[in-house]
Number of protein chains: 2
Amino acid sequence: MTSEVHDTAYHRLRAQDQRYTANRRQIVDLLTSSTNPLSLPELLELANGSLVQSSAYRNLSVLEEAGVVRRLAVGDFARFELAEDLTEHHHHLICDSCHRVTDYRVPADLEASLEHAFVAIAQQTGFRPDHHRLDLIGTCSECGHRPGADTGTGLAPA
Amino acid sequence: MTSEVHDTAYHRLRAQDQRYTANRRQIVDLLTSSTNPLSLPELLELANGSLVQSSAYRNLSVLEEAGVVRRLAVGDFARFELAEDLTEHHHHLICDSCHRVTDYRVPADLEASLEHAFVAIAQQTGFRPDHHRLDLIGTCSECGHRPGADTGTGLAPA
DNA sequence: CTCAGTGCAAAGGATTTGCATGCCG
DNA sequence: CGGCATGCAAATCCTTTGCACTGAG
């Protein structure tokens, strides 16, 4: 399954005349093993010094353009996760306090109702939807206990 | 209706020992008359030189804390709109190309289904939802005609 | 008078880019 | 070999902050 992700990543990069280098592979690995979207500092920390900021940003851009990675804008900085077709369709719980993001899913019939509504929207407005986003914004269970927690970097509090 | 918004804004600021100054009033005016969330450059442009960047940011922060304005993170920069209880509940069509945002609404029964699902999520995860966000990401009708359009600033192309 | 609000300029922080070097194909 | 990927450092862009000044109560 994870090798399948690498396989897909490889082919999508190839399709854009890009290489699937060790650095890019490691980024995909880290995103694959994480249960939720990662900020760049988090990614660098998980890589334990083997990734460099600027190259990581560059590689994330390449991966994003190849459709392997998706970039999210949460709070003041970006978070990255695998493209949806490499994971299961899911949505995000976003904590207003610590800016951490957790995945969740809704029942299939609700997703179906949403899709149905989007078709109507598209027809009415001429907007061509690519995907949707159903985020819940609030306070995560952890910050519920520690009011005011906010690390700024998106890293776990010390 | 618009004077009602000012009235509410006034009282919410007062509740935080803040004044409802001419600058703040103008920001609320501009947000009220716009049909969609505005970036800061857009706001300044609409104000035609009568607003200053740093003060506008500061006032938007004050208005946000008072619950008059909501800040969105779209793409690389922030966009601002009136708080939801000063408008109707709505969602956003976000154009991947020009980063412009348009409001839309879904049927009430679908909103009800969503709320229902969120209650379940909250119980399962301990996450305490404040509000939700149902964005459609794709290409707006305008960019569908002009592929690749992206002004960077969120301002309309020249 | 006093203190919050304002404008200007400088600082800050996330992200991007220029450039010389290293390595894959 | 040739060109893309990499790392470092400097630059960029949005946003925030420091500071002196102004105006309302």
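As the structure is a computational prediction, the values presented were derived from the model and not from experiment. Naming: A, B, ... by sequence-line order, numbering from 1 per chain.
Rounded to an integer number of Å, the gap from A:Leu51 CG to C:dT15 C1' is 16 Å. Look at CG on A:Asp76: it is 7 Å from P on D:dT16, rounded to the nearest Å. Rounded to whole Å, the distance from CG on A:Asn23 to P on D:dC8 is 12 Å. To the nearest angstrom, P of C:dC8 lies 12 Å from CG of B:Leu44. Between the CG atom of A:Leu13 and the P atom of D:dC4 there is a distance of 15 Å, rounded to whole Å. Going from atom CD of B:Gln53 over to atom P of C:dA9 covers 12 Å, rounded to whole Å. The CD atom of A:Gln26 sits 10 Å away from the P atom of D:dG7 (whole-angstrom rounding).
Each of C:dT16, C:dC8, D:dT15 was ranked by its minimum atom distance to the side chain of B:Ala78; first place goes to D:dT15. With D:dT15, C:dC8, D:dA5 as the candidates, the nucleotide lying closest to the side chain of B:Val52 is C:dC8. Distance from the side chain of B:Leu40 is smallest for D:dT15 among the nucleotides D:dT15, D:dG23, D:dC4. The side chain of A:Tyr57 lies closest to C:dA14, out of C:dA14, D:dG23, D:dC8. Nearest nucleotide to the side chain of A:Arg71, out of C:dT16, C:dC24, D:dT6: C:dT16.
A donor-acceptor pair under 3.5 Å links the side-chain atoms of B:Glu42 to the main chain of B:Ser39, judged by distance alone.
Counting only N and O atoms by type, the side chains of A:Glu81 and A:Thr87 include no donor and acceptor under 3.5 Å apart. For A:Tyr20 and A:His11, the side-chain atoms include no donor-acceptor pair closer than 3.5 Å.
A ring-centre distance under 6.0 Å is found for B:His132 and B:Phe118.
Here A:Glu64 contributes atom CD and A:Asn59 contributes atom CG; the two are 12.5 Å apart, rounded to the nearest 0.5 Å. The line from CZ of A:Arg133 to CG of A:Leu72 is 7.5 Å long, rounded to the nearest 0.5 Å. Remark: A:Ser61 OG to A:Phe80 CZ distance equals 7.0 Å, nearest 0.5 Å.
Within the nucleic acid shown, A:Gln18 comes within 4.0 Å of sugar-phosphate atoms alone, with no base atom in reach, counting heavy atoms only. Among the heavy atoms of the strands lying under 4.0 Å from B:Thr21 are primed sugar atoms or P, OP1, OP2 only; no base atom is included. Within the nucleic acid shown, B:Asp17 has no heavy atom closer than 4.0 Å to any nucleic acid atom. If you check every strand for non-hydrogen atoms under 4.0 Å, A:Arg24 touches sugar and phosphate atoms only.
The nearest heavy atom of DNA chain C to B:Tyr20 and to A:Phe80 marks one nucleotide each, and the one closer to the 5' end goes with B:Tyr20. Residue A:Val62 is the one, among A:Val62 and A:Ser54, whose nearest nucleotide of DNA chain D lies closer to the 5' end (criterion: closest heavy atom).
Residues B:Leu93 and B:Ile137 do not share a hydrophobic cluster, clusters being chains of Ile/Leu/Val/Met/Phe/Trp/Tyr side chains in contact below 4.5 Å.
A sub-4.0 Å separation between OP1 or OP2 of D:dA5 and a side-chain N or O of A:Asn59 is absent. Within the structure, a side-chain polar atom (N or O) of B:Ser55 is placed less than 4.0 Å from OP1 or OP2 of C:dG7.
The rotation axes computed at either terminus of the helix from C:dC1-D:dG25 to C:dG25-D:dC1 lie 30° apart, taking five pairs at each end and rounding to 10 degrees.
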